[in-house]
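The chains referred to below are lettered A, B, ... by the order of the sequence lines, with proteins before strands, and numbering in each begins at 1. Computed from heavy atoms alone, side chains included, the values below leave out hydrogens, waters and symmetry copies.
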2 protein chains.
Amino acid sequence: MSNEQVPQDFEALKTAILQRKAVLPKRLKQVAAYALDNPDEIAFGTAASIAVSADVQPSTLVRFAQHFGFEGFSSLQQIFRARLRERAPGYDERLRALAEKGNDELESGAILNGFIAAGHKSLNALTSAIDPVRFDRAVSILANAATIYLIAKRRAYPITSYMAYAFGKLKIRCQLVGTAAGIDDDMLAFAGESDAAFAVSFAPYAAETISQALAVSGKDIPVVSLTDSVFSPLAECSTVWFELAEADHTGFRSLSASMAFAMALTVAVAEKRQQNAVK
Amino acid sequence: MSNEQVPQDFEALKTAILQRKAVLPKRLKQVAAYALDNPDEIAFGTAASIAVSADVQPSTLVRFAQHFGFEGFSSLQQIFRARLRERAPGYDERLRALAEKGNDELESGAILNGFIAAGHKSLNALTSAIDPVRFDRAVSILANAATIYLIAKRRAYPITSYMAYAFGKLKIRCQLVGTAAGIDDDMLAFAGESDAAFAVSFAPYAAETISQALAVSGKDIPVVSLTDSVFSPLAECSTVWFELAEADHTGFRSLSASMAFAMALTVAVAEKRQQNAVK
DNA sequence: GTCAATATGGAATTTTCATTCCATTTCATT
DNA sequence: AATGAAATGGAATGAAAATTCCATATTGAC
């Protein structure tokens, strides 16, 4: 519709979607979220099948495509297919073999294999999902903080709780926000401009996590965050944020990839601090 | 046409094609070569477009698929699509890449890759380390418990904290032991013979975890445990125990595999409870 | 509250595509 | 060389899919 140019690759499309997501009408926003969260489905599905799983009409998909300047759904789909084509070669067929083997075994064994497979998948996704430059920026921010505030509730809490343990061992000052609901805000009141925060939240986002991250960023304290969708409210109030969708097994998600990410961040921060100290 | 079974994944198909390549008629051989050389084209193209670039008739593609036992071209194509969905660089491949270029990349990026690789390695080890029969026994024990006591400190604490969250969601009664040091023992005093405990501890073993596990097992309460060595004091006082060594990156360990294990155990327990309830 | 503009659902339409069918060619066997 | 069987090309068919269109619903401005 607009005379802006049509996105030619996935990155450009993603940017365009994010830019306009706030202005999009309800159903189109729904499609936008679905598309960015399930790019593979768009690549392989048919308009009808996608419509069902995104819970919209097929015509809405066409409209969505046209809103972004494509001729129709099909040409939009090309972008998602090209993205898959261009992924670096290298295949891990083991995952599939593993998933198959599980079936005739004991049911609980199958469950274990399922989570192992999901873990592998998540870790693989992590490789491509995290931009090293961005990661490095996040590390710098946290490395320069006097105190690192770790904000997470519920499903995300184990991640920061582990980071708190590791930071402690590494002699880096941090404050775990997320235990007793009452005192959290009091702790955050101490945070100042020389500090930084790391917030984690997955859908459905804990309201407290969001409001605390907002409060902190409102005080001009840099916020690094980890979340599972580009539409997360955390993304909006963060200096640097990462999208990491953990693969699920029968609807349940483990934290395999998140834990790897958390540890990498923790160790990288410690490393950078040491470098800074030497200078 | 043969009554061999239809290949279900790309590897099997590839093997089948290579095996029969010599016996294939001219045009089908041509298709075979094209398919293995341009798998991406098969995945995304239409029969017509592929026919043009492979220089055969569309009908030949259908025949080719049927020769290998598929119903038609479309079902063959599914194999090629599945391959793209799941393709991801293998962890050993990544390790090699990491070792090669490691230096000129950003250091923090290398750290992340290191933890991802370690995660893959740990998950792989998990596959062979856990005996399904034993796992099933552990599941039974915990499924029959009125209340599950989750015992863990320090590095192991995030694991049980996540299990506590998941059990809560699944409406399974559990008690997290490991938060405030003072009240732990008081909580455990309530544990009775209809309960069970799950203890996690890695070297250097937290004294409290051990003594609490001992106390519980002394009351004839079954204990399932997760630890990182056969010499762990936890192994001695446990009804069923699992050894899980998490791979490390430059001396630091993440919890990728432990988290997968914990989730598998949690979900398997919930599953078994549901089964028991139906009977 | 009214009206216009925009968005949405769903059926109707058109296009695209895989598959089938059959006439013709190629190949192996004698 | 003759014959039958297998393979091939290409048009015809019918199914499936994307797209369009229109009636209805929703939203926002005054």
| task | For the pair A/Glu243 and A/Arg134, evaluate salt bridge (Lys or Arg N to Asp or Glu O under 4.0 Å) and give the outcome as yes or no after the intermediate values. | result | CA-CA 12 Å; A/Glu243 182 196 351; A/Arg134 246 170 149 194; over 6 Å; no
| field | d(CD, B/Gln78; P, C/dA18) in whole Å | value | 12 Å
| Pairing residues for A/Phe261 by the ring-ring contact (aromatic ring centres under 6.0 Å, His included) criterion, not counting sequence neighbours | A/Phe135, A/Phe242
| request: At under 4.0 Å between heavy atoms, which parts of nucleotides 17-22 of chain D does protein reach? Answer with one letter per nucleotide, 5' to 3': B base, S sugar-phosphate only, - none. | output: SSBBB-
| query | Sequence neighbours excluded, which residues qualify as ring-ring contact (aromatic ring centres under 6.0 Å, His included) partners of A/Phe115? | reply | A/His249
| task | Ignoring hydrogens and angles, tell me if any N or O in the side chain of B/Gln77 forms a donor-acceptor pair with the backbone of B/Ile42 under 3.5 Å. | result | yes
| How many Å lie between CG on A/Leu24 and C1' on C/dT8, as a whole number? | 14 Å
| query | B/Lys29 has an atom NZ; how far is it from atom P of D/dA7, in whole Å? | reply | 12 Å
| message | Can you tell whether the side chains of B/Asp40 and B/Arg83 come within less than 4.0 Å, N to carboxylate O? | response | yes
| field | Atom-to-atom span, CZ of A/Arg20 to C1' of C/dA7 - whole angstrom | value | 15 Å
| query | Should the pair A/Phe44 and B/Phe44 be assigned to parallel (<30°), tilted (30 to 60°) or perpendicular (>60°) ring geometry? | reply | parallel
| query | So with a 6.0 Å cut-off around NZ of B/Lys14, is the heavy-atom count from everything else above 12? | reply | no
| request: Report the distance from atom CZ of B/Phe64 to atom P of C/dT19, rounded to the nearest whole Å. | output: 14 Å
| request: Just report the end-to-end axis angle for the helix from C/dG1-D/dC30 to C/dT30-D/dA1, five pairs per end, to 10 degrees. | output: 30°
| query | Closer than 4.0 Å, any side-chain N/O of A/Gln57 to the OP1 or OP2 of C/dG10? | reply | yes
| task | Grab the NE2-P distance between A/His67 and C/dT6 for me, whole Å please. | result | 11 Å
| request: Under the side-chain contact (heavy atoms from CB on, under 4.5 Å) rule, collect the residues that match up with A/Ala48, sequence neighbours excluded. | output: A/Thr46
| Closest heavy-atom pair and its distance - A/Pro158, B/Tyr162 | CG-CB, 3.5 Å
| What does nucleotides 24-30 of chain D look like as a protein-contact string, B for base, S for sugar-phosphate only, - for none, at under 4.0 angstrom between heavy atoms? | -------
| What residue among B/Leu61, B/Leu28, B/Ile50 forms side chain to side chain contact (heavy atoms under 4.5 Å, CB included) with B/Val56? | B/Leu61
| request: Could you tell me whether A/Gln78 atom CD has more than 12 heavy atoms of other residues or ligands within 6.0 Å of it? | output: yes
